[in-house]
There are 2 protein chains.
Amino acid sequence: MQKYLFIYNDMKNRILNGEFVANEKLPFEKDLCISYNTSKMTIKKAFDLLVEDGLIIKKRGVGTFIKDINSKEMERLIVTSQFQGLTSTNPKNKITSKILKFNIIPADSDIERQLNLTPDSFVYDIHRVRYTNGQPTVIEQTYMPIDLIVGLNKTHLKNSLYKYIEEELNYKIQSAHRRVSVRKATEEEAQNLELQVGDPVAVAEQVAYFDNGRAFEYSFSVHHYNFYSAQFIVTK
Amino acid sequence: MQKYLFIYNDMKNRILNGEFVANEKLPFEKDLCISYNTSKMTIKKAFDLLVEDGLIIKKRGVGTFIKDINSKEMERLIVTSQFQGLTSTNPKNKITSKILKFNIIPADSDIERQLNLTPDSFVYDIHRVRYTNGQPTVIEQTYMPIDLIVGLNKTHLKNSLYKYIEEELNYKIQSAHRRVSVRKATEEEAQNLELQVGDPVAVAEQVAYFDNGRAFEYSFSVHHYNFYSAQFIVTK
DNA sequence: AAGTGGTCTAGACCACATT
DNA sequence: ATGTGGTCTAGACCACTTC
């Protein structure tokens, strides 16, 4: 493991374990260079990750301090990582799927643009309802290029698409650009999510990328209002 | 301006202006060191910002490439920056406020924890409806420590709180930890947002921080479902 | 004046992909 | 074997805060 990641993890654990309390000053970078036997740039890199996490703040000319986040925030930071195709958020929960549609269709112009496809490409057209412990929580409409995600079948859809992509196809999923909005459930959505027509749903539109930069998934998820939340840190 | 920021901005403009097209290889870091007359670390720092923005991807052993984002994403990246207390998102829009409540109250235990206050602290208790071009879009319930945000009055609330904090009090707002969920509008919310009871609303709970790490605002915003959307990039 | 974190360098070595 | 980006160093200088 890289030095800066080791230092980052180590400091993170020390902070979350309460070794330093809120607003307390951390050791100076200079001193940590000595105790971690490293250079200033490396300490800085580790600390910048902690700043990104919202765990610490640095003041030039003064020092570095624990951010006064509260215990609820702490939990969030300990859990962390919102990235998942839903599956395996919490190992206690049982995720199942009902497949509404599983076709191969020509990409329309929107899909073509979103996935940067060449004209006349084909994509999977997947429509699933996903259940957490039997409760319908989200309807997913997914488009993926057939030449990228090969050999997909219904069994994979019953389980985790992402797992198939990562473990069987050996692609690395890197990031997703997500846009969230809110609206009323349509009749079809209401039926599938066990809601009334007009009840709230959260709609997430997303383009997901491999670590090689290829867009591999364009999807819409319509979430039951009781089973959606997102956390993120906004910076100026 | 710092060198790495200059290079970052310069490359960003060149990319957004279409100097390089999707999937095209960028010049190697090594070569850019020469053309920008700088060191590898500095180029890397600039490029890492572009990676964060989701504009480029780097492949070790291969090179650096423009990400194949589509034009809709491009627009988003050009606009960028979601941070605002609502005011001045778009200069064309006229933001007004109706003040429902403006009191000073003792912090309850939740507020105390969220803002990391000492026991028996007082906070502003501000309740506003905010209008965009006359259309009610969001109800904001805001708590702020009185000893941090001094001299607040109704005039400031009519306009932008954040503007007062930054321009009059000269604090620097750095980041906000935000949690978003969805539910049905209560009767009071429905009235204020010109909705029906049970219509969808997006609820954002947020703790905002100064650049010195102090939590200065704990707020709940209840958004009209037609006037809420959020964009963010999720990474693994 | 002294000490902090921020930037930058020039160069070393490493991990990885391609040829 | 070559060349890419990734990490790391030791030290320089800068911007900022505090004393």
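Chain A is the first sequence line, chain B the second, and so forth, proteins listed ahead of strands; every chain is numbered from 1. Heavy atoms only: backbone and side chains are in, while hydrogens, waters and symmetry mates are out.
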Using the heavy-atom set of chain B and a strict 4.0 Å cut-off, write down the first and last nucleotide of DNA chain D that makes it in, 5' to 3'. D:dG3 to D:dC8

Run the salt bridge (Lys or Arg N to Asp or Glu O under 4.0 Å) test against A:K44 and tell me which residues pass, sequence neighbours left out. A:D48

Base, sugar-phosphate alone, or nothing: which one does B:Y4 contact when heavy atoms must sit under 4.0 Å apart? sugar-phosphate

With a 4.0 Å heavy-atom cut-off, tell me which residues in residues 27-44 of chain A come close to DNA chain C, sorted by residue number. A:F28, A:E29, A:K30, A:K40, A:M41, A:K44

Can you name the residues that form a salt bridge (Lys or Arg N to Asp or Glu O under 4.0 Å) with A:E29, not counting sequence neighbours? A:K58

Could you tell me which residues satisfy side-chain hydrogen bond (donor to acceptor under 3.5 Å, both in side chains) with B:S181, sequence neighbours excluded, listed by chain and number? none

My understanding is that only residues two or more places apart in sequence, or in another chain, count here; which of them pass side-chain hydrogen bond (donor to acceptor under 3.5 Å, both in side chains) with B:Y228? none

Hits for ring pair (Phe, Tyr, Trp, His ring centres under 6.0 Å) against A:H127, two or more places apart or cross-chain, chain-then-number order -> none

Pairing residues for B:R14 by the side-chain hydrogen bond (donor to acceptor under 3.5 Å, both in side chains) criterion, not counting sequence neighbours: B:E19, B:Y36

Non-neighbouring partners of A:K30 that pass salt bridge (Lys or Arg N to Asp or Glu O under 4.0 Å), sequence neighbours left out: none

For A:Y218 together with A:F220, are the ring centres under 6.0 Å from each other? yes

Looking at residues at least two apart in the chain, or sitting in another chain, which of them share a side chain to side chain contact (heavy atoms under 4.5 Å, CB included) with A:N37? none

For A:Y124, side-chain hydrogen bond (donor to acceptor under 3.5 Å, both in side chains) partners two or more places apart: none

Heavy-atom protein contacts under 4.0 Å, nucleotides 14-19 of chain C, coded B base, S sugar-phosphate only, - none: -BBS--

